[in-house]
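Presented below is the structure to which this report refers.
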Amino acid sequence: MASDDVRVRFAPSPTGYLHVGGARTALFNWLFARHHGGTFVLRIEDTDRSRHVSDSVAKITDDLRWLGLDWDEGPEVGGDAGPYFQSERLALYSEQTNRLLESGDAYFAMESPEELAAMRESAASEKRSLRYARPDPLPTVAEGLAARESGCGVTIRFKMPDRDIVVNDLVLGAVRIAQEELEDFVIQKSDGWPTYHFACVVDDALMRISHVLRGQEHLMNTPKHVALQAALGFSVPAYAHLPIIFNIDGSKMSKRDKEKALKKGLPPPEIDVHDFRAAGYLPEALLNFISLLGWNPGGDREEMTLDETAGLFSVDRIGSANAKFDRDKLVAFNTDWNARVSAERSLAGLKDFAAVNDAALLSLSDDALTYLLRVSQGFRTFRDIEGKASFLVTPDDAIEYDPKAVKKVLAKNDDAGYAMLESLLGPLEATGDWAPEPLEALLTGLCASNGIKLGAVAQPLRVAVTGSTVSPPIYDTLVILGKERSMNRIRRALELRRATA
RNA sequence: GGCCCCAUCGUCUAGAGGCCUAGGACACCGGCUUUUCAUGCCGGCAACACGGGUUCGACUCCCGUUGGGGUCACCA
């Protein structure tokens, strides 16, 4: 195919942050476009005003940018197939609705939502499925217009053709849906706005979308779309339905999982892209990980940059089985990415993490942050860095001592740790060059002459200076803190012990 | 429940009829390295859902069963 014929789109609804499943759909479309040198369109499907969440377009575009998925046409960037908000395309939809009304492929329907609900309910109680019964005779357009005029809520329904519909899916193959499974569905709501199905079909055609990559939950929508395209004389884009991503336990990855976890006192799982960002993940790792959910380049290849993935991407290699989102593997990917990314990239990532969380880390200089990153190599997420750095942003006289650490490292064996600190005071004070090497020489020398292990010196110091047993390597911890602050803290630890003794 | 989709280690997956004694990664277990946490290194455990065909030969093809999922709105 001619490469400039490839036009794909990502079409989220503005109902909140970008869901990780949506991100996967966006990613696959982006990869497909980039692989073929095509166009990636971002379209906002805001036809349900009641579900609209303010700011969510900005949230979604923000998340996409953070991921590094840029769009060629859409909000903020424009394009010649716009507007890219469905709410601004109402005239286009009614134009197409009228064509269908005129050709007799659509008709006005008078039932109220309540009537419909009652019909569904009684059908359900009789254990039979409800299929909308097409009125006979059909109301005329004039009657429909008159009913609408008089204030009755009327919808417009599409007259489903009297034949089976076959969806030719790039990953699933040919899927045939029997005619009797399909019913006349609503294409225009009583408020005059188009339904999703209609707006989607019209926009895909008008925006010259060549391929539709979307979640498998849309598979049963597709016959409706195909039928609509036939009636409107539109060409049918190529469809590829992507496997769905679930939680590791098989449940749906829902935004409600967060509330549920909170209620149980558990840490909320990351569900939206923004959650991963706030949790300290690198977008490179997230993208790499989700690109492998339902797709893989073949062989044993796993770690790839976005560009490499785009080069390798192929719809042929999209799987058809649903996948589970394994957070442990994501963490492992993230750890690897943290290790392979440049110092500059790492710093930018850490600062973004701090900014998004409005974290205390924000007060540290780039130099301090860079140092922290360097001495923390092996860290999994930026959250680890935050944990290891909290001692740095806490004032000397506000360090809280973890009781367990104090007991284990300082008070154990008759205050052996405290004794060690006492004996360290003098030599430390005498150290002129407060740098890792001299400090190392001092401590290891001390260990050698006293026949003790480094841990017996390093741990009491660590606890005294940070309040906990976890910190960067001890020499770096002391250096980054500085001599004065380190000494203050050691003295304070000793004083507090006297106070509690 | 009707319709539709799917089915290889716990998880993501490789596998396009003989390359399979089924490979990799994560997790897990054991060991090593290490001043803490985390890394890193070495080793191990672990799967073709089941039953029929087709074939000289089936993880690979067909059918069925079972299991999982999706969908049945004036939501998208």
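Below, read A as the first sequence line, B as the second, and so on, with proteins coming before strands; counting in each chain starts at 1. These numbers come from the heavy atoms of this one structure, side chains and all, not from hydrogens, waters or symmetry mates.
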query = Should we count CD of A:Gln179 as having more than 12 external heavy atoms under 6.0 Å?
reply = yes
query = Per the atom types in the model, does the base of B:rG2 pair as donor or acceptor with the side chain of A:Glu181 at under 3.5 Å?
reply = no
task = Using a heavy-atom cut-off of under 4.0 Å over every strand shown, decide if A:Asp249 touches base, sugar-phosphate, or nothing.
result = nothing
task = Classify the nucleic acid contact of A:Gly387 as base, sugar-phosphate or nothing, counting any heavy atom under 4.0 Å across all strands shown.
result = nothing
query = 5'-most contact on RNA chain B: A:Gly378 or A:Lys252, nearest heavy atom basis?
reply = A:Gly378
request  = Measure from the side-chain heavy atoms of A:Leu219 and tell me the nearest of B:rC37, B:rC4, B:rC74.
outcome  = B:rC4
key: Whole-Å distance separating the CG atom of A:Leu442 from the P atom of B:rU35   = 16 Å
Integer-rounded Å distance: B:rC6 C1' and A:Leu293 CG = 16 Å
task = Please tell me which of the listed nucleotides, B:rU36, B:rC12, B:rC4, lies nearest to the side chain of A:Pro473?
result = B:rU36
query = So what does A:Lys388 touch, heavy atoms closer than 4.0 Å: a base, only the sugar-phosphate, or nothing?
reply = base
Separation of atom CG in A:Asp48 from atom P in B:rC74, rounded to whole Å = 12 Å
message = Within the 4.0 Å heavy-atom criterion, would you say A:Pro243 contacts the bases, only the backbone, or no part of the nucleic acid?
response = nothing
task = Tell me what A:Glu111 touches on the nucleic acid: a base, only sugar-phosphate, or nothing, going by heavy atoms under 4.0 Å.
result = base
ask   = With rounding to whole Å, what would you report as the distance between B:rC32 and B:rA25 at their C1' atoms?
value = 22 Å
request  = With the side chain of A:Ile248 defined as its heavy atoms from C-beta on, choose the nearest nucleotide among B:rU11, B:rA76, B:rA25.
outcome  = B:rU11
ask   = Between A:Lys224 (NZ) and B:rA76 (C1'), how many Å, whole number?
value = 12 Å
message = Does the plane of the ring in A:Phe353 sit parallel, tilted or perpendicular to the ring in A:Phe382? Use 30° and 60° as the thresholds.
response = tilted
key: B:rC26 and B:rC3, which share atom name P, separated by this distance in whole Å   = 43 Å
message = Under 4.0 Å, heavy atoms only, any strand: does A:Phe185 hit a base, just the sugar-phosphate, or nothing?
response = nothing
inquiry  = Just checking A:Tyr196 against A:His218, ring centres under 6.0 Å apart?
reply    = yes
Pair partner, B:rU34 [Watson-Crick or wobble, under 3.5 Å] = none
Closest listed nucleotide, where the reference is the side chain of A:Asp300 and the choices are B:rG24, B:rC75, B:rC4 = B:rG24
ask   = Which nucleotide, B:rU35, B:rA76, B:rC74, lies nearest any side-chain atom of A:Tyr196?
value = B:rA76
task = Please check if the side chain of A:Asn29 supplies one atom and the backbone of A:Leu213 the other of a donor-acceptor pair under 3.5 Å.
result = yes
query = Hey, would you say the A:Phe185 and A:Phe198 ring centroids sit under 6.0 Å apart?
reply = no
task = Please find out if less than 6.0 Å separates the ring center of A:Tyr418 from that of A:Tyr401.
result = no
inquiry  = Using the C1' atom as the point on both nucleotides, what is the distance between B:rA7 and B:rC42, in whole Å?
reply    = 35 Å
inquiry  = Without decimals, in angstroms, what is the distance between A:His241 NE2 and B:rA76 C1'?
reply    = 13 Å
key: Spacing of A:Leu172 atom CG relative to B:rU71 atom C1', expressed in whole Å   = 13 Å
request  = Look at A:Lys189 and B:rC75 and indicate whether a side-chain polar atom (N or O) is within less than 4.0 Å of OP1 or OP2.
outcome  = yes
request  = Report yes or no: is there a donor-acceptor pair, N or O only, under 3.5 Å between the side chain of A:Lys329 and the base of B:rA25?
outcome  = yes
request  = Give the nucleotide from the list B:rC74, B:rU71, B:rG10 with an atom nearest to the side chain of A:Met220.
outcome  = B:rU71
ask   = Choosing from B:rC5, B:rA76, B:rG24, which nucleotide comes nearest the side chain of A:Gln216?
value = B:rC5
inquiry  = Taking the C1' atom in each of B:rG31 and B:rG69, what is the distance between them to the nearest angstrom?
reply    = 42 Å
message = From C-beta outward on A:Ile244, which listed nucleotide comes closest to its side chain: B:rG70, B:rU35, B:rC26?
response = B:rG70
request  = Using side-chain hydrogen bond (donor to acceptor under 3.5 Å, both in side chains) as the criterion, point out the one residue from A:Asp48, A:Asp203, A:Asp46 that pairs with A:Gln86.
outcome  = A:Asp203
message = Looking at A:Asn322, I'd like to know whether one of its side-chain N or O atoms comes within less than 4.0 Å of OP1 or OP2 on B:rC6.
response = no
key: Integer angstrom distance from the P of B:rA58 to that of B:rU21   = 13 Å
request  = Give one of base, sugar-phosphate or nothing for A:Ser320, where a contact means two heavy atoms less than 4.0 Å apart.
outcome  = sugar-phosphate
note = When A:Asn296 and A:Arg380 are each assigned the nearest nucleotide of RNA chain B, the 5'-most assignment goes to A:Asn296
ask   = Going by modelled atom types, is there a donor-acceptor pair between the base of B:rC74 and the side chain of A:Ser190 at under 3.5 Å?
value = yes
request  = Can you tell me, in whole Å, how much space there is between the C1' of B:rU60 and that of B:rC20?
outcome  = 11 Å
Whole-Å P distance, B:rC48 and B:rC59 = 11 Å
request  = Look at A:Arg317 and B:rG15 and indicate whether a side-chain polar atom (N or O) is within less than 4.0 Å of OP1 or OP2.
outcome  = yes
ask   = Is any side-chain N or O of A:Arg120 closer than 4.0 Å to OP1 or OP2 of B:rC74?
value = yes
message = Suppose we define a pair by two distances each less than 3.5 Å, Watson-Crick or G-U wobble; what does B:rC50 pair with here?
response = B:rG64
Selection from B:rC74, B:rC5, B:rA76 that lies nearest to any side-chain heavy atom of A:His218 = B:rA76
request  = Return the value, rounded to whole Å, for the distance between atom CG of A:Asp169 and atom C1' of B:rC5.
outcome  = 10 Å
Whether A:Phe325 and A:Phe289 hold their rings parallel, tilted or perpendicular, with breakpoints at 30° and 60° = perpendicular
key: Below 4.0 Å: OP1/OP2 of B:rC72 and any side-chain N or O of A:Arg131   = no
query = Is any side-chain N or O of A:Lys324 closer than 4.0 Å to OP1 or OP2 of B:rA7?
reply = no
ask   = In whole angstrom, what separates A:Tyr132's OH from B:rC74's P?
value = 10 Å
request  = Could you walk me through whether A:Arg301 and A:Asn296 pass the side-chain hydrogen bond (donor to acceptor under 3.5 Å, both in side chains) test, one step at a time?
outcome  = CA-CA 8 Å; A:Arg301 190 89 187 269; A:Asn296 74 81; over 6 Å; no
ask   = Base, sugar-phosphate, or nothing for A:Gln377, non-hydrogen atoms under 4.0 angstrom?
value = base
message = B:rA76, OP1 or OP2 - any side-chain N/O from A:Thr47 closer than 4.0 Å?
response = yes
key: Partner nucleotide of B:rC28 by Watson-Crick or wobble geometry (both distances under 3.5 Å)   = B:rG44
query = Using the P atom in both, what is the distance from B:rA22 to B:rG44, to the nearest Å?
reply = 15 Å
Side-chain (A:Asn334) to main-chain (A:Arg380) donor-acceptor, under 3.5 angstrom = yes
inquiry  = Return the pairing partner of B:rC3 with a 3.5 Å limit on both distances, Watson-Crick or G-U wobble; otherwise return none.
reply    = B:rG70
